[in-house]
Amino acid sequence: MSSINEMDSQTSEACKSCNEGKSSSRCDTCPSRGKGGDKPAWDERIVKRLSDVKHRIAVVSGKGGVGKSTITAGLALNISMMGYRVGVLDADVSGPNIPHLLGLEGRRLMGSELGIEPAMSRNGVKVVSSEMVLTSSDTPMIWRGPMRTTLVNQFVADVNWGVLDFLLVDLPPGTGDEPLSVMQMIPLDGVIIVSTSSSLSMLDVSKIINMARDLKVPILGLVENMSYMQCPDCGKKIRLFGESKVEALAMKYGVPLIGEVPLDPSNAGVDEMPVDGKSLLVSSLRPIAERVVFEVNHRA
Ligand SMILES: Nc1ncnc2c1ncn2[C@@H]1O[C@H](COP(=O)(O)OP(=O)(O)OP(=O)(O)O)[C@@H](O)[C@H]1O
Ligand SMILES: [Mg+2]
Ligand SMILES: [Zn+2]
């Protein structure tokens, strides 16, 4: 086994010079060029790699900090508890959070003759994240966009997922180059859009809906996160942003609202998500996970 940093170094060096506008002899064989004769090879690798991955779903949002990573991890745990083989690709290179949420902090990816080997969470979810190739978790990934995209490309083309029923992809927020390139590169069954009911988050939902439609990626539905809190005394729903307007938004754009997730005060976000059934967050994602699984199985 060799470390992924070693495996990557050639591509990374080549891309550094690409980013500086210089071309290097290595560019001729660089899989990240995106144009020219080697593009089919790149696509072929992706198709081959993903041939044993039955369903691929990306979790997206118009705005940052609305709970994409939290919901990706919670859905992965639920779908795994439903008996499916699940992998999570953390495609947010600048803010990789999935390893923390699935109890894999500090884990390093290793390579084998079959490719990059994913790490396995305690609950059997396979995970690949850029955090697992960094020297330490508090070192920021100060790479330019094209290099971040190259790393995600490499993950998609070279990770040995084995047989999976579901691959969930946690994307960086917004409609910029990075989410766009992942959505173009991975043949997706669909996207799940996460929004809070704050007006700013909702404003940006329309952009992500339009992006998915432009790319002809099906929208599995909209999840409204942190929409309410349950009163600990009487169980009444306290709506944090007032009456929800997300349902009206979903109707306006003709996308299904597939569930709402309460704010879970016990979720600090820095620790591994508990799966003992006591987590309000994880248990409230169950019906959403069931709906997504049903939807995708019946589309196929
Ligand atoms: N339903 C919830 N209840 C309580 N806390 C939550 C909930 N959803 C998300 N959070 C918290 O909100 C913060 C942002 O969530 P998260 O990191 O999942 O968002 P994100 O959309 O992935 O952000 P980014 O755009 O930076 O990737 C985290 O601290 C997380 O723990
Ligand atoms: Mg995130
Ligand atoms: Zn009350």
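Read the numbers this way: they start at 1 and go in the same order the structure lists the ligands and their atoms. The figures here come from the full heavy-atom set of this structure, side chains too, leaving out hydrogens, waters and symmetry mates. Along the sequence shown, the residues carry numbers beginning at 1.
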Non-hydrogen side-chain atoms of [X] and [Y] separated by less than 4.5 Å:
{"X": "Arg49", "Y": "Val159", "answer": "no"}
{"X": "Arg239", "Y": "Ser244", "answer": "yes"}
{"X": "Ile186", "Y": "Leu89", "answer": "yes"}
{"X": "Tyr84", "Y": "Asn297", "answer": "yes"}

**Request:** Out of Met229, Met226, Lys68, Met273, indicate the one that has the non-hydrogen atom closest to atom 21 (O) of ligand 1.
**Result:**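 The nearest heavy atom belongs to Lys68.
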**Asked** So between Asn225, Val66, Ile98, whose heavy atom ends up nearest atom 8 (N) of ligand 1?
**Response**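 The nearest heavy atom belongs to Asn225.
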Contact partition for [X] relative to ligand 1, non-hydrogen atoms under 4.0 Å:
{"X": "Pro172", "value": "neither"}
{"X": "Ser69", "value": "both"}
{"X": "Leu281", "value": "side chain"}
{"X": "Asp170", "value": "neither"}
{"X": "Asp92", "value": "side chain"}

**Asked** Only one of Leu109, Ile116, Asp90 clears side-chain contact (heavy atoms from CB on, under 4.5 Å) with Met132; which?
**Response**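 Answer after filtering Leu109, Ile116, Asp90: Leu109.
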**Sole candidate of Val156, Thr149, Leu180 that passes side-chain contact (heavy atoms from CB on, under 4.5 Å) when paired with Met185** =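 Among Val156, Thr149, Leu180, the one meeting side-chain contact (heavy atoms from CB on, under 4.5 Å) with Met185 is Val156.
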**Pair Ser61-Lys68, side-chain donor/acceptor within less than 3.5 Å** =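 Yes, because at least one side-chain N or O of Ser61 sits under 3.5 Å from a partner of the opposite role on Lys68.
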**Item:** Contact summary for Pro218 and Leu188, nearest pair of heavy atoms
**Value:**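 So the minimum-distance heavy-atom pair works out to CD-O, 4.3 Å.
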**Minimal non-hydrogen separation, Pro256 against Leu220, with atom names** =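 So the two residues come closest at CG-O, 3.5 Å.
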**Message:** Using a 3.5 Å cut-off on N or O atoms only, is Ile71 in polar contact with ligand 1?
**Reply:**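 Among all N and O atoms of Ile71, none is under 3.5 Å from an N or O of ligand 1.
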Heavy atoms from other residues, nucleotides or ligands near [atom1] of [X] exceed 12 (cutoff 6.0 Å):
{"X": "Gln230", "atom1": "CD", "answer": "yes"}
{"X": "Met251", "atom1": "CE", "answer": "no"}
{"X": "Asp177", "atom1": "CG", "answer": "no"}

Would you mind running through ligand 1 and noting each atom that sits below 4.0 Å from a heavy atom of [X]?
{"X": "Pro173", "result": "25 (O)"}
{"X": "Pro262", "result": "1 (N), 2 (C), 3 (N)"}
{"X": "Gly64", "result": "25 (O)"}

**Prompt:** Out of curiosity, is Ala73 lining ligand 1, as in a heavy atom under 4.0 Å away?
**Reply:**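 Per 4.0 Å heavy-atom rule, Ala73 does not contact ligand 1.
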**Asked** At the 4.0 Å heavy-atom cut-off, does Gly65 count as touching ligand 1?
**Response**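 Judged by the 4.0 Å heavy-atom criterion, Gly65 does count as contacting ligand 1.
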**Request:** Please check if Val169 and Leu215 belong to a single hydrophobic cluster, counting links between Ile, Leu, Val, Met, Phe, Trp and Tyr side chain heavy atoms closer than 4.5 Å.
**Result:**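 Result: yes, single cluster for both.
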**Asked** How about Ser69: does one of its N, O or S atoms come closer than 2.8 Å to the Mg ion (ligand 2)?
**Response**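 It does: Ser69 brings an N, O or S atom closer than 2.8 Å to the Mg ion (ligand 2).
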**Message:** Restricting to distances shorter than 2.8 Å, give the number of protein N, O or S atoms close to the Zn ion (ligand 3).
**Reply:**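 Every protein N, O or S atom under 2.8 Å from the Zn ion (ligand 3) counted, the figure is 2.
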